[in-house]
Amino acid sequence: MNTLIVILGPTGVGKSAISIDLAKFYSTDIISADSRQLFRELTIGTAVPSPGELQAVDHHFIQSRSIHHYYNVSEYETEAIERINELFKTKNPLILTGGSMLYIDTICKGIDEIPTVTPEIRQEVMDWHREHGLEALQQRLLALDPEYYAIADLQNSKRLLHAVEVCQMTGQTFTSFRTNTVRERPFRILKIGINQQRELLYHRINQRVDQMMEAGLLEEARSVYPYKDLNSLNTVGYKELFSYFDGTCTLDEAVDLIKRSSRKYARKQLTWFRRDHNIHWFEPDQVEQIIAFTQAQLKATK
RNA sequence: GGUGCCAUAGCUCAGUUGGUAGAGCAAUGGACUGAAAAUCCAUGUGUCCCUGGUUCAAAUCCAGGUGGCACCA
């Protein structure tokens, strides 16, 4: 049976380097599970691998989309699974790397099939919410789908919006689409988590932000500033610099803010990963141990 | 050297006419089904700078000390 080795961990911990070592060792490809490295207009702020690294190992779903095109997890699932199955015909194991928790879970477990909301419906529901407020949105959901209302995070307008959108568009309850079925994959999944002492991680993150600034993040952000309202640019490293361009904070403040947001993001990632007991954890400098571990695991599945 | 202002949570500061303290940020934990680097929720015991005094009671008033800032010499 083929094996997908998943390398996951908080931002800045060094997943890319480890994945590349691993890919070289197994002469295989890397599939990215990163919701921001996906965009070709973003390079520095999303820490995509260097040109040399990209040349050394074939990467998939890195800078393959434009920030101007709507993208979502479901689309990623379809594309990535298709690609993975294709690649398994000639390669094994494959490596999936990234920090986008939902993207990783989508590959590992699948995601329910919910009809994609049309831009018109989305706009309409959003406008309605803007006009009537959160409480009205809650009431609207209660009327459309009381079952989801009972379990929904009622303060989280994004969640409510989506549920309402789906009800509105399909004439069915949002709940009816939420079957929560785990999809069986025709390959084995081996999860490797990379983590290190919190203080060290924060230090690395802070340092990496400074390096990004030296590498020209400011200019990169300026080049996409005209499109700052795109969802794809609601992204750490860019939105903070947009505030600076807007004149609402100084450059130093913006850079500090990027560091803070990155740290928060790392923490959030760890919260998500913590509940997954199938992850085998390693430190960033344990590449050899990781290789040995995966070899042993691969042998066991043959 | 003189005068004035300030000293409260890791940081920036609130604290009403005295009744042993609370916001924002940070930090930490959690949730997560097509926006996910998004979005949402929860968590606040700290010699109220020190010493003495007044008072039933002091972060609060008084005196002195220490440190910082500003202005005048």
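In this text the structure is predicted, and so the values were computed from the model without any measurement. In the text below, chain A, chain B and the rest are named by the order of the sequence lines, each starting its count at 1.
Rounded to whole angstrom, the span from the CG atom of A:L233 across to the P atom of B:rA35 amounts to 16 Å. Atom-to-atom, CG of A:N156 to P of B:rC40 comes out at 6 Å; the value is rounded to the nearest Å. Here the C1' atom of nucleotide B:rA36 and the CG atom of A:L38 are 13 Å apart, to the nearest Å. Between A:F273 atom CZ and B:rA31 atom P there is a gap of 13 Å when expressed in whole angstrom units. Rounded to a whole Å, the CD1 atom of A:I205 is 14 Å from the P atom of B:rA26. Atom P of nucleotide B:rA31 and atom CD of A:Q155 are separated by 18 Å, given to the nearest angstrom. As a whole-Å value, the separation of A:L270 CG from B:rA36 P is 20 Å. What separates CZ of A:R178 from P of B:rC32 is a distance of 9 Å, to the nearest Å.
With sequence neighbours excluded, the residues that form a side-chain contact (heavy atoms from CB on, under 4.5 Å) with A:E147 are A:D145, A:T175. Every residue two or more places apart in sequence or in another chain was checked for a side chain to side chain donor-acceptor pair (under 3.5 Å) with A:R275, and none qualifies. Remark: A:S50 pairs with A:E53 by the side chain to side chain donor-acceptor pair (under 3.5 Å) rule, at least two apart or across chains. Applying the side-chain contact (heavy atoms from CB on, under 4.5 Å) criterion to A:E79, with sequence neighbours excluded, gives A:F61, A:R65, A:Y71. A search for side chain to side chain donor-acceptor pair (under 3.5 Å) contacts involving A:N195 returns nothing, not counting sequence neighbours. Evaluation of the side-chain contact (heavy atoms from CB on, under 4.5 Å) rule for A:S176 yields A:Q172, A:T173 as partners, not counting sequence neighbours.
Remark: RNA chain B forms stems of 3 or more consecutive Watson-Crick or G-U wobble pairs, all pair distances under 3.5 Å, at B:1-7 with B:66-72, B:10-13 with B:22-25, B:27-31 with B:39-43, B:49-53 with B:61-65.
Place A:R159 and A:D34 on RNA chain B by their nearest nucleotides, and A:R159 ends up nearer the 5' end. The 5' end of RNA chain B is approached more closely, in terms of each residue's nearest nucleotide, by A:I114 than by the other of A:N234 and A:I114.
Contact of A:K268 with B:rU39 (side chain to base): a donor-acceptor pair of N or O atoms is detected under 3.5 Å.
Checking the phosphate oxygens (OP1, OP2) of B:rG30, a side-chain nitrogen or oxygen of A:T271 falls inside 4.0 Å. Phosphate contact (OP1/OP2 of B:rU28, side-chain N/O of A:Y202, threshold under 4.0 Å): present. The side chain of A:R122 contributes no N or O atom lying less than 4.0 Å from OP1 or OP2 of B:rG34. Residue A:Y76 places none of its side-chain N or O atoms closer than 4.0 Å to OP1 or OP2 of B:rG34. At the phosphate of B:rA27, neither OP1 nor OP2 sits under 4.0 Å from any side-chain N or O atom of A:R198.
Comparing the C1' positions of B:rA27 and B:rU66 gives a spacing of 31 Å, expressed to the nearest Å. Taking atom C1' on both B:rG22 and B:rA14, the two are 7 Å apart, rounded to the nearest angstrom. If you take atom P in B:rG46 and the same atom in B:rA57, they sit 27 Å apart, rounded to whole Å. Taking atom P in both B:rU54 and B:rU3, one finds a spacing of 27 Å when rounded to whole Å. When the C1' atom is compared between B:rG44 and B:rU8, the two are found 14 Å apart, to the nearest whole Å. Using atom C1' as the reference point in both B:rA59 and B:rG15, the two lie 8 Å apart (nearest Å). Comparing B:rU12 with B:rA31, their C1' atoms are spaced 30 Å from each other, to the whole Å. Atom name P, nucleotides B:rU55 and B:rC13: the rounded distance is 36 Å, in whole Å.
Between A:D127 and A:R130 there is a salt bridge, since at least one side-chain N of the basic residue sits less than 4.0 Å from a carboxylate O of the acidic one. A salt bridge links A:E77 with A:R185: at least one charged nitrogen is closer than 4.0 Å to a carboxylate oxygen. Salt bridge status for A:R222 with A:E219: present, with a side-chain N to carboxylate O gap under 4.0 Å.
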Return all side-chain donor-acceptor pairs below 3.5 angstrom for residues 236-245 of chain A, not counting sequence neighbours, or 'none' if the list is empty.
from   : atom 1 : to     : atom 2 : distance (Å)
A:Y238 : OH     : A:G45  : N      : 3.1
A:Y238 : OH     : A:E220 : OE2    : 2.4
A:E240 : OE1    : A:G237 : N      : 2.7
A:E240 : OE2    : A:S261 : OG     : 2.9
A:S243 : OG     : A:K239 : O      : 3.4

List the atom pairs, with distances to 0.1 Å, where a side-chain N or O of residues 94-116 of chain A and a protein N or O form a donor-acceptor pair under 3.5 Å, not counting sequence neighbours.
from   : atom 1 : to     : atom 2 : distance (Å)
A:T97  : OG1    : A:S19  : OG     : 2.8
A:S100 : OG     : A:S35  : N      : 2.8
A:S100 : OG     : A:S35  : OG     : 3.4
A:D105 : OD2    : A:W272 : NE1    : 3.2
A:T106 : OG1    : A:L102 : O      : 2.7
A:D112 : OD1    : A:T179 : OG1    : 2.7
A:D112 : OD1    : A:N180 : N      : 3.2
A:D112 : OD2    : A:T179 : N      : 2.9
A:D112 : OD2    : A:N180 : N      : 2.8

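Non-hydrogen atoms lying under 4.0 Å from RNA chain B are contributed by A:K239, A:R260, A:R263, A:K264, A:Y265, A:R267, all within residues 238-267 of chain A.
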Tabulate protein N/O versus nucleotide N/O from nucleotides 9-11 of chain B, keeping only pairs under 3.5 Å, one per line.
none

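Each of A:T235, A:N234, A:T46 was evaluated against A:R36; a single residue qualifies, A:T235, per the side-chain hydrogen bond (donor to acceptor under 3.5 Å, both in side chains) test.
Residue pairs meeting the ring-ring contact (aromatic ring centres under 6.0 Å, His included) criterion with at least one partner in residues 4-56 of chain A, sequence neighbours excluded, are absent.
Side chain of A:S74, nearest nucleotide from B:rG29, B:rU33, B:rG34: B:rG34. Residue A:Y103 places its side chain closer to B:rA36 than to any other of B:rA31, B:rC40, B:rA36. The nucleotide whose nearest atom lies closest to any side-chain atom of A:N180 is, among B:rG34, B:rC32, B:rU33, B:rU33.
What you find for A:R40 and A:S64 is that their closest heavy atoms are NH2-O, 3.4 Å.
Looking at heavy-atom distances under 4.0 Å, A:F174 makes contact with sugar-phosphate atoms alone, never a base. The residue A:G45 sits close to a base: some heavy atom pair falls under 4.0 Å. Heavy atoms of A:L161 sit under 4.0 angstrom from at least one base atom. Contacts of A:T116 with the nucleic acid, taken as non-hydrogen atoms under 4.0 Å apart, include base atoms. Note on A:F39: nothing from the nucleic acid sits closer than 4.0 angstrom, heavy atoms only.
Here B:rG67 is in the anti range [glycosidic angle more than 90° from 0].
The 12-atom threshold is not exceeded at NE2 of A:H203, counting heavy atoms of other residues, nucleotides or ligands nearer than 6.0 Å.
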